K.L.:
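Submitted below is the structure of interest, expressed as structure tokens.
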Amino acid sequence: MERHLISLLRCPLRTCQFKQIHSLIITNCPSLVPVLLRALLGSSLIGYARKVFDKIPQPGHVLYNSLISSYTKLSLHKEAVRAFVLMHGGNVRLSCFTPPSVIKSCSSLLADDVGKQLHCLVVNYGLDSNVYVQTSLMDFYSKIGDLGSARKVFDGILVKDPVTYNSLISGYSRAREVVAARELFDSMTDKTVVSWNAMISCYANNGEFHEGLKIFERMLDSKCSPNEFTVVTLLSICAKLGDLEMGLRVKKYIDDNCLRVNKIVSTAILEMYVKCGAVDEARQEFDRMDDKDIVAWSAMIAGYAQNGRAIEALELFECMRSEHMKPNDVTLVSVSSACAQLASVEVSERIGLYIEGLDLVSNPYVASALLTMYSKCGSVSKARQLFSKLTRKDLACWNSMIGGLAVNGFAEDAIDHYEKMKEAGVEPDDITFVELLIGCTHAGLVELGLELFERMKSEHGLTPKIEHCSCIVDLYCRSGRLKEAYDFISRMEEKPNAVIWGTLLAAARTHTNIELAKTSVEKLLEQEPENAGNYVQFSNINASMGKWREASKVRNLMKCKSIQKPAAYSWIEMEDKVHKFLVGDTSHPATDEVYSIVDTLTVQSTWTVCDLESHLEFG
DNA sequence: ATAGGGTTAG
């Protein structure tokens with residue numbers, strides 16, 4: 001009977017079968033309760049196991065170990081710590097098998113105090129020379145960001161295996177201590193594939209992408225073969241660099257070496273294509289995947305949204321819903337951002353209603369994307385309503401709201417929110433000030449804008465970026481204060497860029513300040529010799545000054561450099577179709593009708609200089 | 001011990 005039950009407990013069993021065996025054990029051979037307990041723990045039936053455990057009169061350290069390590073494995077970290085407290089309070093002997101699990105749970109809980117107490121306990125019991133205990137302690141300190149203590153434990157380990165090193169390397173990586181990670185990595189004599197991967201991802205996660213690639217090259221030179229983890233990290237580096245060429249090399253490596261392409265690898269390939277702007281290739285990869293989980297859908301929808309292909313993003317979202325796939329917060333962020341691009345009140349409000357109904361606005365990413373969506377299509381009141389409902393408002397939420405108000409002409413309201421944001425204890429950042437300055441520009445509040453620019457530096461210790469300077473130039477320009485704009489540019493610490501000269505140029509032209517326009521366009525040509533638009537501007541300005549020879553020189557210059565002005569289409573969206581037109585275009589099916597209306601419009605309006613210029617042809 | 005998707009501006 002007893003032997004029979006033991007062998008039964010070795011088989012995979014359902015709960016009801018466990019119950020039958022359980023009753024047999026209670027009535028026939030109670031000594032088998034610990035065997036039953038371990039079988040239950042092995043089947044992850046932790047609740048049932050705990051009930052059995054609680055019936056055991058005085059469980060010893062071995063049973064406690066089994067219980068605690070199961071809690072840890074199932075990520076029930078608080079339970080693991082509670083069970084340990086129970087064990088310790090019951091004066092059960094402590095073996096070196098228990099602390100690693102509890103300490104691991106403390107790492108996951110980021111429970112600094114409990115973990116440190118455990119360390120003391122371990123030292124008092126003389127268990128701190130056990131390598132498993134040491135490794136878990138080192139891991140604990142590295143997870144809570146105390147790398148100094150982690151290092152002390154590490155140095156105290158007499159026989160270190162690669163796992164010990166790898167763990168500390170990833171600890172340094174998380175703590176952004178890249179140099180320390182590299183030193184440790186270099187000191188390793190027997191690097192495993194995990195060591196190489198950890199070092200590459202250390203560089204990747206700390207923004208040193210090219211260093212990461214260099215480690216990969218060295219890995220290839222050594223005899224260590226890259227695995228799936230390696231290529232995923234490499235692909236994410238290529239994505240961040242926008243380096244399609246390298247991305248394709250990694251893809252080729254995967255194919256040539258027949259690496260297993262799991263979901264994560266395919267998504268990483270997809271993402272690499274997306275971030276390199278190769279959206280159609282990304283879609284091909286997406287279509288090839290037979291098991292699409294939600295991450296792949298979200299990545300593909302984001303791919304369309306981030307590459308300005310809002311309609312396709314929304315189409316794929318519809319397709320996803322028709323396949324009964326449940327969207328999550330990440331999906332909805334991209335969907336909102338696609339709607340924001342469409343700037344259609346109807347679509348935005350429909351999607352907004354849907355998303356708000358899902359109760360996901362507690363996620364700040366979703367909230368800020370929605371706020372932007374409403375603002376972009378002018379539904380400021382919807383944005384305000386949503387904002388007032390938000391309980392968790394992070395920096396991006398405040399910025400979205402401030403930006404929404406600013407761009408829709410409510411500059412004072414935006415500033416009001418900036419004050420409220422500070423009261424709420426959220427520190428404004430450079431984006432906040434870009435938004436505020438834009439608000440002042442739109443409302444023509446020059447002095448207020450300049451004041452904010454000063455406060456940004458003095459009150460918040462932020463260094464103005466080129467974007468802020470650009471806003472100030474715009475602020476002066478729109479109020480016609482060209483001289484001050486020019487003086488500001490001359491005083492700027494950073495080198496003025498094309499956006500700034502472009503702003504000044506536009507203003508100089510509307511205020512017919514030909515000299516300033518000429519200066520600006522010359523600077524523009526210096527900075528962007530490949531931009532055909534600048535040559536057109538240069539020529540037009542010279543023409544308007546009567547300098548025809550200068551003007552015509554440009555055409556030859558463009559021919560020499562083989563620069564072509566890209567076709568500038570006008571387009572309009574009607575119902576769900578986009579109609580686009582080029583100058584002199586007669587390809588539209590309703591051309592006759594279109595031109596007859598254009599003719600009447602032309603008669604109605606008076607030609608302006610700008611209109612005429614836009615009809616000049618070059619190249 | 002190492003791996004994949006997202007928000008705010010210009």
Side-chain angles (χ1 to χ4, degrees), chain A residues 135 138-139 142-143 161-171 173-174 192-202 204-205 226-237 239 262-272 274-275 282 286 289 292-303 305-306 327-338 340 360 363-373 375-376 394-404 406-407 428-439 465-471 474 497-500 502-503:
Chain A
T135 307
M138 189 195 73
D139 210 40
S142 109
K143 286 244 167 66
D161 61 356
V163 178
T164 317
Y165 278 91
N166 296 340
S167 170
L168 193 57
I169 290 173
S170 55
S173 168
R174 274 192 301 271
T192 64
V193 64
V194 178
S195 320
W196 290 97
N197 293 348
M199 197 59 232
I200 296 173
S201 88
C202 173
N205 293 330
N227 65 7
E228 287 80 10
F229 283 70
T230 324
V231 292
V232 167
T233 311
L234 289 171
L235 286 165
S236 85
I237 289 178
N262 61 22
K263 271 190 236 179
I264 297 179
V265 176
S266 330
T267 314
I269 295 171
L270 193 160
E271 180 65 9
M272 180 276 291
V274 162
K275 289 282 151 63
F286 178 78
M289 295 172 69
K292 302 179 179 78
D293 68 342
I294 186 66
V295 177
W297 285 95
S298 300
M300 193 63 236
I301 293 173
Q306 286 165 8
N328 66 10
D329 46 356
V330 181
T331 328
L332 297 174
V333 166
S334 297
V335 169
S336 312
S337 129
L360 276 167
N363 179 318
Y365 279 79
V366 176
S368 55
L370 274 179
L371 288 169
T372 306
M373 181 187 82
S375 305
K376 283 268 163 74
D394 72 350
L395 178 60
C397 290
W398 283 100
N399 284 350
S400 300
M401 190 66 230
I402 291 173
V407 85
D429 69 349
D430 47 342
I431 298 178
T432 319
F433 283 95
V434 170
E435 309 271 26
L436 290 169
L437 294 175
I438 287 172
K465 287 192 186 171
I466 195 95
E467 292 88 344
H468 302 100
C469 298
S470 172
C471 288
D474 205 15
N497 62 10
V499 176
I500 292 189
T503 307

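As the structure is a prediction and not an experimental result, all values here were calculated from the model. Letters A, B, ... are given to chains in the order of the sequence lines, protein chains preceding strands, and every chain is numbered from 1.
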K.L.:
Counting distance alone, no hydrogens or angles: does the base of B:dG4 have a donor or acceptor under 3.5 Å from a partner atom on the side chain of A:Asp293?
P.N.:
yes
K.L.:
When you measure from the side chain of A:Tyr365, which nucleotide among B:dG6, B:dT2, B:dG4 comes out closest?
P.N.:
B:dG6
K.L.:
Please pick, from B:dA9, B:dG5, B:dA1, the nucleotide with the shortest atom-to-atom distance to any side-chain atom of A:Ser167.
P.N.:
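The closest nucleotide is B:dA1.
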K.L.:
Which part of the nucleic acid does A:Asp429 contact within heavy-atom distance under 4.0 Å: base, sugar-phosphate only, or nothing?
P.N.:
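Contact class for A:Asp429: none.
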K.L.:
The side chain of A:Asn399 is closest to which nucleotide in this list: B:dG6, B:dT8, B:dT7?
P.N.:
B:dT8
K.L.:
Please state whether the phosphate of B:dG4, meaning OP1 or OP2, lies under 4.0 angstrom from any side-chain nitrogen or oxygen of A:Lys275.
P.N.:
no
K.L.:
Look at all strands and tell whether A:Pro364 reaches a base, only sugar-phosphate, or nothing, counting heavy atoms closer than 4.0 Å.
P.N.:
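Answer is base: heavy atoms of A:Pro364 come under 4.0 Å of a base.
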K.L.:
How would you label the contact of A:Asn328 with the nucleic acid (heavy atoms, under 4.0 Å): base, sugar-phosphate, or nothing?
P.N.:
base
K.L.:
Starting the side chain at C-beta, find the nucleotide from B:dG4, B:dT2, B:dT8 nearest to A:Ser201.
P.N.:
B:dT2
K.L.:
Is it true that A:Asn166 and A:Asn197 share a donor-acceptor pair across their side chains at a distance under 3.5 Å?
P.N.:
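The criterion, which ignores hydrogens and geometry beyond distance, is not satisfied for A:Asn166 and A:Asn197.
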K.L.:
Within the structure shown, what part of the strands sits under 4.0 Å from A:Ile269 by heavy-atom distance: base, sugar-phosphate, or nothing?
P.N.:
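Contact class for A:Ile269: none.
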K.L.:
State which of B:dG6, B:dG4, B:dA9 makes the closest approach to the side chain of A:Ser236.
P.N.:
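So the nucleotide nearest the side chain must be B:dG4.
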K.L.:
Let me know the distance between NZ of A:Lys465 and C1' of B:dA9, rounded to the nearest Å.
P.N.:
10 Å
K.L.:
Of all the nucleotides listed (B:dT8, B:dA9, B:dA1), which has the minimum atom distance to the side chain of A:Lys376?
P.N.:
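Of the candidates, B:dA9 comes closest.
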K.L.:
Counting distance alone, no hydrogens or angles: does the base of B:dT7 have a donor or acceptor under 3.5 Å from a partner atom on the side chain of A:Ser368?
P.N.:
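By the distance-only test, yes, there is a pair.
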K.L.:
I'd like to know if A:Asn262 reaches the base of B:dA3 with its side chain such that a donor and an acceptor end up less than 3.5 angstrom apart.
P.N.:
yes
K.L.:
Choosing from B:dA3, B:dA9, B:dG6, which nucleotide comes nearest the side chain of A:Asn205?
P.N.:
B:dA3
